[in-house]
Number of protein chains: 2
Amino acid sequence: MTERAAGPRARSDDLTAKARIRREALHLFAEHGVGATSLRTVAASAGVTVGLIVHHYGTKEALCDAVELEVVDLFAEAIASVPVADRPAAELVAARDVAVAEMLADNPAVVDYLRRAILHGGGDRKDLVSRLTELTAQQVHDLRSAGLASTRQTVGEQVVTIMVRQLGRLFLQPLVDRIAEEFDDLAGLPRPQLLVSLTR
Amino acid sequence: MTERAAGPRARSDDLTAKARIRREALHLFAEHGVGATSLRTVAASAGVTVGLIVHHYGTKEALCDAVELEVVDLFAEAIASVPVADRPAAELVAARDVAVAEMLADNPAVVDYLRRAILHGGGDRKDLVSRLTELTAQQVHDLRSAGLASTRQTVGEQVVTIMVRQLGRLFLQPLVDRIAEEFDDLAGLPRPQLLVSLTR
DNA sequence: TAAAAGACTGTACACATGTATAGGAAGTGC
DNA sequence: GCACTTCCTATACATGTGTACAGTCTTTTA
């Protein structure tokens, strides 16, 4: 996991400057996009100079990679947090979905960041979506070798299904909210909720 | 609609330089985002100098506005293209959905641009999502006063439903495609299709 | 034909960006 | 005490950015 051990000169925050940089970067990247966030903005938010960012991460892209790795870590932690007790596969999968959903609810910046990451991909770069796909594929393989997952679909189909179920609603919900925001008659009411499913 | 009348010095393309600038801007903004696209890139793609962009649009934000207005125009044209013949409301709405879907299929850049636009909003600026919402609300009002739309839901609910149906799948499909892309076993098969619906 | 208007270019400028680097401050091991 | 590493600041620089503007060419108007 990412290092939490307070190095020499830990700040009052209990977070290392290095960690603070990553955290602020995640928030700013999520809110304004990576391209629109300058290292100086990150530095100011973290109460640090630009030089230190360079010292710790070398380049902006490397900082971005570090942020993405932390995001993947959060997913991995959430999944790992639910015990693989002896129970039906469907229940285990559902429990994992819940754990991931809770993690995302606790870290809204992750959701925003992810939403952006989906748009930028495509290149051959090892990006966030690829890494999360890997993580999910690993999850499916584990379930299969434990005899807990159906083998009637291909692995690919199962991975797509899981990821869409976990992420789909989160990505589309802001559209619904943005639109609903423009109507007074929807002000008090609970927001309409999205239902996302897959057909072959 | 946006001016197509060839001004003085129309190029071989049949498009005015001004129109070409807007078109290239749309494509580049859609592909790389507004922030990551410089006016010089737009100028080069349009075979024009930066000065001319400034001459025609004044500022980058104004160019961006012009692009968005053209996108809204495309939606309005698509909707207006289907005659309001005497037929059941459901059929009319469905026909409009098809027209919009066809327009989007013909202009993939519009889809990409829109997908990005959803993320950036929030501010008080009159942005694309607001404008499209207005357009859809107008559509709903027209249907209502022609006695073609149910009045059992609020206008807001109807607008959200229409927009989500029209746009939802398009926004999420790239996620599905990106993930599917990572699996060889899905290479030949048709991509899984998304189904997006709303619950209250 | 002369003049006004608009399309268009090229250059210049102030500013923000990412990165490099020299050096100071603070902790650790001997 | 001293070297040594790590954390951190400050300054500098090359490059890319949006915008401004003076001037040229072309079309339109009269």
Side-chain angles (χ1 to χ4, degrees), chain A residues 2-29 31-68 116 120 123 125, chain B residues 2-29 31-68 116 120 123 125:
Chain A
T2 45
E3 76 293 324
R4 274 294 150 85
R9 195 116 184 274
R11 290 291 179 102
S12 51
D13 295 337
D14 101 318
L15 269 118
T16 322
K18 190 174 179 180
R20 244 180 312 136
I21 291 170
R22 242 190 353 256
R23 194 168 57 95
E24 293 304 323
L26 170 62
H27 280 88
L28 290 166
F29 289 172
E31 193 170 1
H32 306 109
V34 178
T37 305
S38 72
L39 290 187
R40 279 160 179 84
T41 310
V42 176
S45 294
V48 150
T49 54
V50 212
L52 191 62
I53 300 184
V54 175
H55 170 70
H56 279 307
Y57 296 99
T59 144
K60 188 182 185 181
E61 196 183 344
L63 169 61
C64 201
D65 277 359
V67 168
E68 300 209 341
R116 282 180 196 280
H120 283 58
R125 182 166 154 272
Chain B
T2 46
E3 77 294 318
R4 273 295 151 83
R9 196 122 183 266
R11 290 290 177 103
S12 51
D13 294 338
D14 99 321
L15 268 121
T16 323
K18 191 174 180 181
R20 244 180 312 135
I21 291 170
R22 243 189 354 254
R23 194 169 58 97
E24 293 305 322
L26 170 62
H27 281 87
L28 290 166
F29 289 171
E31 193 169 2
H32 306 109
V34 178
T37 305
S38 72
L39 290 186
R40 279 160 180 84
T41 311
V42 175
S45 293
V48 150
T49 54
V50 211
L52 191 61
I53 299 185
V54 174
H55 170 70
H56 278 307
Y57 296 99
T59 143
K60 187 183 185 179
E61 196 183 342
L63 170 61
C64 201
D65 277 358
V67 168
E68 300 208 343
R116 284 181 193 279
H120 283 59
R125 183 165 153 273

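Proteins get letters first, then strands, A, B, ... in listed order; numbering begins at 1 in each.
Annotation: side-chain hydrogen bond (donor to acceptor under 3.5 Å, both in side chains) contacts involving residues 33-42 of chain A, sequence neighbours excluded, comprise A:S38-A:T41.
Under the side-chain hydrogen bond (donor to acceptor under 3.5 Å, both in side chains) criterion, A:S45 pairs with no residue, sequence neighbours left out. The side-chain contact (heavy atoms from CB on, under 4.5 Å) test applied to B:T49 returns B:L52, not counting sequence neighbours.
Annotation: side chain of B:K60 is in contact with side chain of B:V34 (closest heavy-atom distance under 4.5 Å).
Rounded to an integer number of Å, the gap from NZ of A:K18 to C1' of D:dT5 is 15 Å. Rounded to an integer number of Å, the gap from A:I21 CD1 to D:dT6 P is 17 Å. The CG-C1' distance, from A:L52 to C:dA25, rounds to 13 Å in whole Å.
Atom CG of A:L63 and atom CD of A:E68 lie 10.5 Å apart (nearest 0.5 Å). Between atom OG1 of residue B:T16 and atom CZ of residue B:R22 there is a gap of 8.0 Å, rounded to the nearest 0.5 Å. Put simply, CD1 on B:I21 and CG on B:L39 are 9.5 Å apart, with the number rounded to the nearest 0.5 Å. If you take CG on A:L28 and CZ on A:R23, they are separated by 10.5 Å, rounding to the nearest 0.5 Å.
Judged by distance alone, the side chain of B:R116 and the main-chain N or O of A:R116 form no donor-acceptor pair under 3.5 Å.
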Checklist line | nucleotides 15-20 of chain C: protein proximity per nucleotide (B base, S sugar-phosphate only, - neither; heavy atom, under 4.0 Å) | finding: --BBB-

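Axis orientation changes by 0° from one end of the helix from C:dT1-D:dA30 to C:dG23-D:dC8 to the other, with each end axis drawn from 5 pairs and the value rounded to 10°.
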Distances for protein N or O near nucleotides 23-25 of chain D N or O, under 3.5 Å:
none

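At the phosphate of C:dA7, OP1 or OP2 sits under 4.0 Å from a side-chain N or O atom of B:H55.
Residues A:A43 and A:V50 approach most closely at CB-N, 3.8 Å, considering heavy atoms.
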